[in-house]
Amino acid sequence: MTVATAVVDWYHANRRDLPWRRDGFTAWGTLVSEFMLQQTPVSRVIPRLEEWLTRWPTPADLAAVPPGEAVRAWQSLGYPRRALWLHACAVAITERHGGVVPDDVDALLALPGIGDYTARAVAVFAYGERHPVVDTNIRRVIARAVDGQGEPGPPSAKRDLTAMEALLPHERSAAAAFNAGMMELGALVCVARTPRCEECPVRDACAWRLAGYPVYEGPRKAVQKKYEGSDRQVRGLILAELRASHIPVTQAEIDALWPDAPQRDRALAGLLADGLAIAVDGGYVLP
DNA sequence: CATCCGTGGTA
DNA sequence: TTACCAAGGAT
């Protein structure tokens, strides 16, 4: 049995019942879910996703409201620029693609907020196209099972896609199941901290296991800066105030949110530059 | 290629 | 408590 077959069989027996895997889930739903899942865990995405798709069941529905409504409905999913990009995406799909989510990777890549991962994920999971998909889970599984390393090195789109392509089944539905299965394997079994190798469908072929689990010696990932006291935190505080208010938030109210004036000004300027806030008479509002 | 961009859960 | 981690993308 090949690695691909083992992963596909395991996936069919162990896949979680997630909203975006339901029968009849739309391509638009897939696109929204992929935006939300960019760096945000599944458990936090599910409730927001249901709300969004109930309120905006098609791209045209979202495109018809101001972008600030998207930012507000994003709530605390984090990285709120994604809400802005998703709204811009809905506008572009409505204007350029007749309201239909494209199935072509290059057309998807041309949309705001869609990069290499999301473009392929939509083409594969919404439309069943045959492409390799590479996300953080798959990079880790390949690093271990194929390369015999405990952690993936720095991302390299060409190398990662080549590695995935080499394993990808030819038949479209099998290829889609393999992509999903590799992601699910990385999410449930081949996890970052304490992998559950005894449950792994490819343990007998895993290069990392066969090599005796060598400790990773390559370049370390850049450490994420502390959130407490960061510009990100201040931006978050200001944006939460804008989301909560339906009238302009005054400069005085913003001043009360954070004591360090230069940092506060920097955060507000950043929000304005990103289009997450706009200055109006009497203060600041969502776009 | 490195850095910036939120927020919350977990070991 | 701190540090790491989570279906990335833009610049």
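Below, chains carry the letters A, B, ... as their sequence lines are ordered, and counting in each starts from 1.
- If you take CZ of Phe125(A) and P of dG8(C), they are 12 Å apart, rounded to a whole angstrom.
- Counting non-hydrogen atoms under 4.0 angstrom, Thr136(A) reaches the backbone sugars and phosphates but no base.
- OP1 or OP2 of dG6(B) has at least one side-chain nitrogen or oxygen of Arg235(A) nearer than 4.0 Å.
- The CG-P distance, from Leu276(A) to dA10(C), rounds to 15 Å in whole Å.
- Arg193(A) contributes no side-chain N or O that forms a donor-acceptor pair with the base of dC5(C) under 3.5 Å.
- Of the side-chain N and O atoms in Ser76(A), one or more sit less than 4.0 angstrom from OP1 or OP2 of dG8(B).
- The pair Asp61(A)-Arg55(A) does not count as a salt bridge, with every side-chain nitrogen at least 4.0 angstrom from each carboxylate oxygen.
- Mapping Pro112(A) and Leu18(A) onto DNA chain C by nearest heavy atom places Leu18(A) closer to the 5' end of the strand.
- Of the two residues contacting DNA chain C, namely Lys226(A) and Glu34(A), the nearest-nucleotide position lying further toward the 5' end is that of Lys226(A).
- Summary of the strand contacts: Ala222(A) and Leu271(A) both lie near DNA chain B, and taking for each the nucleotide with the nearest heavy atom, the more 5' one is attributed to Ala222(A).
- Rounded to an integer number of Å, the gap from CG of Leu49(A) to P of dA7(C) is 16 Å.
- Between the CH2 atom of Trp20(A) and the C1' atom of dA7(C) there is a distance of 8 Å, rounded to whole Å.
- Taking atom C1' on both nucleotides, dA6(C) is separated from dC1(B) by 23 Å, rounded to a whole Å.
- For the P atoms, the distance linking dC4(C) with dT3(B) amounts to 16 Å, nearest Å.
- In this structure, the nucleotide among dA7(C), dG6(B), dC5(C) sitting nearest to the side chain of Arg44(A) is dG6(B).
- On a pure distance criterion of 3.5 Å, a polar donor-acceptor pair joins the side chain of Gln224(A) and the base of dC5(C).
- For the pair Glu151(A) and Arg140(A), the salt-bridge criterion is not met [side-chain N within less than 4.0 Å of a carboxylate O].
- Looking at which nucleotide of DNA chain B each of Thr194(A) and Pro80(A) is closest to, the 5′-most match is held by Pro80(A).
- Residue Ala121(A) is out of contact with every strand shown, counting any heavy-atom pair closer than 4.0 Å.
- At the heavy-atom level, Val42(A) lies nowhere under 4.0 Å from the strands shown.
- Here Arg172(A) pairs with Glu129(A) in a salt bridge; the nearest charged N to carboxylate O distance falls below 4.0 Å.
- A salt bridge does not link Arg209(A) with Glu198(A): none of the charged nitrogens is closer than 4.0 Å to a carboxylate oxygen.
- Spacing between atom CG of Leu37(A) and atom P of dG8(C) amounts to 8 Å, rounded to whole angstrom units.
- Rounded to whole Å, the distance from CD on Gln38(A) to C1' on dC4(B) is 15 Å.
- Here the nucleotide nearest the side chain of Arg16(A), chosen from dT7(B), dA6(C), dA7(C), is dA7(C).
- Rounded to whole Å, the distance from CD on Gln39(A) to C1' on dG8(C) is 5 Å.
- At a cut-off of 3.5 angstrom, counting only N and O atoms as typed in the model, there is a donor on one side and an acceptor on the other between the side-chain of Thr40(A) and the base of dG6(B).
- In this structure a side-chain-to-backbone donor-acceptor pair under 3.5 Å is missing from Ser245(A) to Glu241(A).
- For the C1' atom pair drawn from dA7(C) and dA2(B), the interatomic distance equals 23 Å after rounding to whole Å.
- Between the NZ atom of Lys221(A) and the C1' atom of dA6(C) there is a distance of 10 Å, given to the nearest Å.
- A salt bridge does not link Asp135(A) with Arg139(A): none of the charged nitrogens is closer than 4.0 Å to a carboxylate oxygen.
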